[in-house]
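For reference, the structure is listed below as structure tokens.
We number each residue from 1, following the sequence as shown. FYI, side chains are in, hydrogens and waters are out, and symmetry mates aren't considered; it's all heavy atoms of this structure.
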Amino acid sequence: MTIIEAIEAEQLRDNIPDFKAICGEYDITPISFYFHLGDREKEILILRFYDSRTQMDVAKLLNISQAQVSRLEKGAITALRRYVSVPAG
């Protein structure tokens, strides 16, 4: 992870809907979760929640459909929920 990715990941914490609610009492940082995302999911979350772009804007930028953006965004947030719900070992 680059410094830029680390900064982006930390800034996503305040912009992803329910990030704090999802993570609750767990000591989950955006950086640790960021490692578990694919490049496309990272890009979509950054464009959506850091750059405040609409799903349609993101779709045009990435040359994919708005439905694909929606699915990938939802999948990334679902992955976050799964990530924090797995008990530590």
Practice problem: Mind listing the closest non-hydrogen atom pair of T54 and D57 along with its distance? | Solution: OG1-N, 3.0 Å
Self-check item: side chain to side chain donor-acceptor pair (under 3.5 Å) partners of S70, counting only residues at least two apart
Solution: none
Quiz prompt | Counterpart residues, side chain to side chain contact (heavy atoms under 4.5 Å, CB included), relative to L62 (two or more places apart) | solution = R40, E43, I44, L47, V58, I64
Self-check item: Counterpart residues, side chain to side chain contact (heavy atoms under 4.5 Å, CB included), relative to T78 (two or more places apart)
Solution: K74, R82
Quiz item: Does D51 have any side chain to side chain donor-acceptor pair (under 3.5 Å) partners at least two apart in sequence or in another chain, and if so, which?
Solution: none
Quiz item: Excluding sequence neighbours, so at least two apart, what forms side chain to side chain contact (heavy atoms under 4.5 Å, CB included) with R71?
Solution: A67, Q68
Quiz item: Under a 4.5 Å side-chain heavy-atom rule over Ile, Leu, Val, Met, Phe, Trp and Tyr, are L45 and L61 clustered together?
Solution: no
Quiz item: When rounded to the nearest 0.5 angstrom, what distance separates OG in S65 from NZ in K60?
Solution: 13.0 Å
Exercise. For Q55, check side chain to side chain donor-acceptor pair (under 3.5 Å) against everything at least two apart and list the hits.
Key: Q66, E73
Quiz item: Between A76 and L37, what is the shortest heavy-atom contact and its length?
Solution: CB-CD2, 3.9 Å
Quiz item: Would a distance-only check, ignoring hydrogens and angles, find a side-chain to backbone donor-acceptor pair under 3.5 Å from R48 to R53?
Solution: yes
